[in-house]
Amino acid sequence: MSELPRIVSVAPVIYGVLKVVFTDGFEGVVDVRPLIADGEVFDYLRRDHANFDRVMLGDYGHYIFWTDDTGYEIDLGADGLRRDCERQAEVHRLMAS
């Protein structure tokens, strides 16, 4: 069984796009705009794009999160972010070749 990915750092690139660095050294850029474009849970991030910049790293690097005005945490897991980083990197690689 392989070890679950963990995040070392996360930083916004532009609204809806994050740079994520993992414990194994993998660095990826992931576009989460399609994910946050819909659904009530993401209203906080859509309401003011500056809210997206307040992304934080969760305990032990297992997730990233934002805390809305009511204290509710909006989180995304490290495993899903890693998968999406890898998929999006592959798409960019194929487009460039």
- prompt: Do P12 and V55 have side-chain heavy atoms sitting under 4.5 Å apart?
  reply: yes
- prompt: Are F65 and Y72 grouped together when hydrophobic residues (ILVMFWY) are joined by side-chain heavy atoms under 4.5 angstrom apart?
  reply: no
message: Tell me if the aromatic rings of Y44 and W66 count as close, with their centers under 6.0 Å from one another.
response: no
- prompt: Is there a side-chain contact between I64 and D75 (heavy atoms, below 4.5 Å)?
  reply: no
message: Surrounding CG of D38 (heavy atoms of other residues, nucleotides or ligands, distance under 6.0 Å), is the total greater than 12?
response: no
- prompt: How many angstroms lie between atom CG of L45 and atom CZ of R33, to the nearest 0.5 angstrom?
  reply: 13.5 Å
message: Test of understanding: clusters of I, L, V, M, F, W, Y form through side-chain heavy atoms closer than 4.5 Å, transitively. Do V29 and I14 belong to the same one?
response: yes
- request: Search all heavy atoms of G61 against all heavy atoms of A78 and return the closest pair with its distance.
  value: O-CB, 3.6 Å
query: Is the closest side-chain heavy-atom distance between L35 and L76 below 4.5 Å?
result: yes
- prompt: Can you find a heavy atom in the side chain of E86 that is under 4.5 Å from one in the side chain of V30?
  reply: no
query: With a 4.5 Å limit on heavy-atom distance, are the side chains of Q88 and D31 in contact?
result: yes
Atom of E27, atom of V21 and distance for their closest heavy-atom approach: CG-CG2, 3.7 Å
task: To the nearest 0.5 Å, tell me how far D69 CG sits from D43 CG.
output: 11.5 Å
field: Distance, nearest 0.5 Å, that separates SG of C85 from CD of E90
entry: 13.5 Å
field: Closest non-hydrogen atom pair, T67 against M56
entry: OG1-CE, 3.9 Å
message: Please report the interatomic distance OH(Y63) to CD1(I74), rounded to the nearest 0.5 Å.
response: 13.5 Å
query: Under 4.5 Å between any side-chain heavy atoms of F52 and V32, yes or no?
result: yes
field: Euclidean distance, L4 CG relative to R82 CZ, rounded to 0.5 Å
entry: 11.5 Å
- prompt: Could you state the interatomic distance from CG (L81) to CG (L18), rounded to the nearest 0.5 Å?
  reply: 7.0 Å
message: Angle between ring planes, H49 versus Y15, binned at 30° and 60°: parallel, tilted or perpendicular?
response: parallel
message: List the residues meeting side-chain hydrogen bond (donor to acceptor under 3.5 Å, both in side chains) with R83, not counting sequence neighbours, and say none if there are none.
response: none
query: Would you say R54's side chain and D68's backbone share a donor-acceptor pair under 3.5 angstrom?
result: no
Joint hydrophobic cluster, F22 plus V13, side-chain heavy atoms closer than 4.5 Å: no
